[in-house]
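Reckoned from all heavy atoms, side chains included, excluding hydrogens, waters and symmetry mates.
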Amino acid sequence: QFVESGGGSVPPGGSLTLSCTASGFNLDSYNLAWFSQAPGKEREGVSCIESSGGSPYFADSVKGRFTISRDNAKNTIYLEMSGLKPEDTAVYHCAADRGDRKCSSGEEMNIWLRFGMDYWGKGILVNVSS
């Protein structure tokens with residue numbers, strides 16, 4: 001349902017852009033999110049944006065360094081990552097849901113996780129090391 005690209009290994013301070021292109025459904029009516037799962041840790045919310053638009057949410061750990069965006073014409077969601085740190089190393093998953101979701105805090109992203117998402121990307125590995 002998602003074709004993913006981006007990811008890889010970069011040194012600290014590097015940049016990457018992750019992308020997920022939807023197949024079989026139109027992203028413009030979906031709430032969109034990126035989650036990360038570091039080795040040995042639970043999946044957690046990184047960033048989200050509601051289907052209606054508005055200001056996106058970013059976890060404190062990535063605020064000012066990551067940008068989420070959507071291109072409805074390309075049916076694609078992006079996560080632009082800069083100033084990468086070793087602690088950003090994780091598998092990143094894009095996700096989409098049509099439910100009544102709010103996107104303004106980490107607690108709300110945890111609710112997204114508990115209720116589940118309509119579509120998940122399989123995951124993109126990001127490794128930040130020198």
(request) May I have the step-by-step check of side chain to side chain contact (heavy atoms under 4.5 Å, CB included) for Glu50 and Lys102, ending in yes or no? (result) CA-CA 7 Å; Glu50 296 176 22; Lys102 299 301 179 186; 4.1 Å; yes
Would you find a donor on one side and an acceptor on the other, under 3.5 Å apart, between the side chain of [X] and the backbone of [Y]?
X: Glu80; Y: Thr67; result: no
X: Arg70; Y: Leu27; result: yes
X: Asn75; Y: Ser23; result: no
X: Asp28; Y: Asn72; result: no
X: Asn31; Y: Asp97; result: yes
X: Glu4; Y: Gly123; result: yes

(message) Going by ring-ring contact (aromatic ring centres under 6.0 Å, His included), name the pairs with one or both residues in residues 35-73, residues two or more places apart or in two chains.
(response)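 Every ring-ring contact (aromatic ring centres under 6.0 Å, His included) pair that includes a residue of residues 35-73, provided the two are not neighbours, is Phe35-Trp120.
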(message) Do Ser36 and Glu44 make a side-chain contact, defined as non-hydrogen atoms from C-beta onward lying under 4.5 Å apart?
(response) yes
(message) Can you confirm whether Lys41 is buried at NZ, in the sense that more than 12 heavy atoms of other residues, nucleotides or ligands lie under 6.0 Å from that atom?
(response) no
(request) Using a cut-off of 6.0 Å, state whether more than 12 heavy atoms not belonging to Glu42 lie near its atom CD. (result)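 Atom CD in Glu42 is not packed in, count stays at 12 or less.
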(request) Would you check if there is a donor-acceptor pair between the side chains of Thr76 and Thr21 at a distance under 3.5 Å? (result) yes
(request) For a side-chain contact (heavy atoms from CB on, under 4.5 Å) with Met81, tell me which candidate from Val126, Val128, Thr17 qualifies. (result) Val126
(request) Please test Asp88 against Lys85 for salt bridge (Lys or Arg N to Asp or Glu O under 4.0 Å), starting from the C-alpha separation and ending with a verdict. (result) CA-CA 5 Å; Asp88 295 320; Lys85 304 175 181 180; over 6 Å; no
(request) Take Tyr78 and Trp34 through the test side chain to side chain contact (heavy atoms under 4.5 Å, CB included) and record every step on the way to the result. (result) CA-CA 9 Å; Tyr78 301 95; Trp34 287 94; 5.7 Å; no
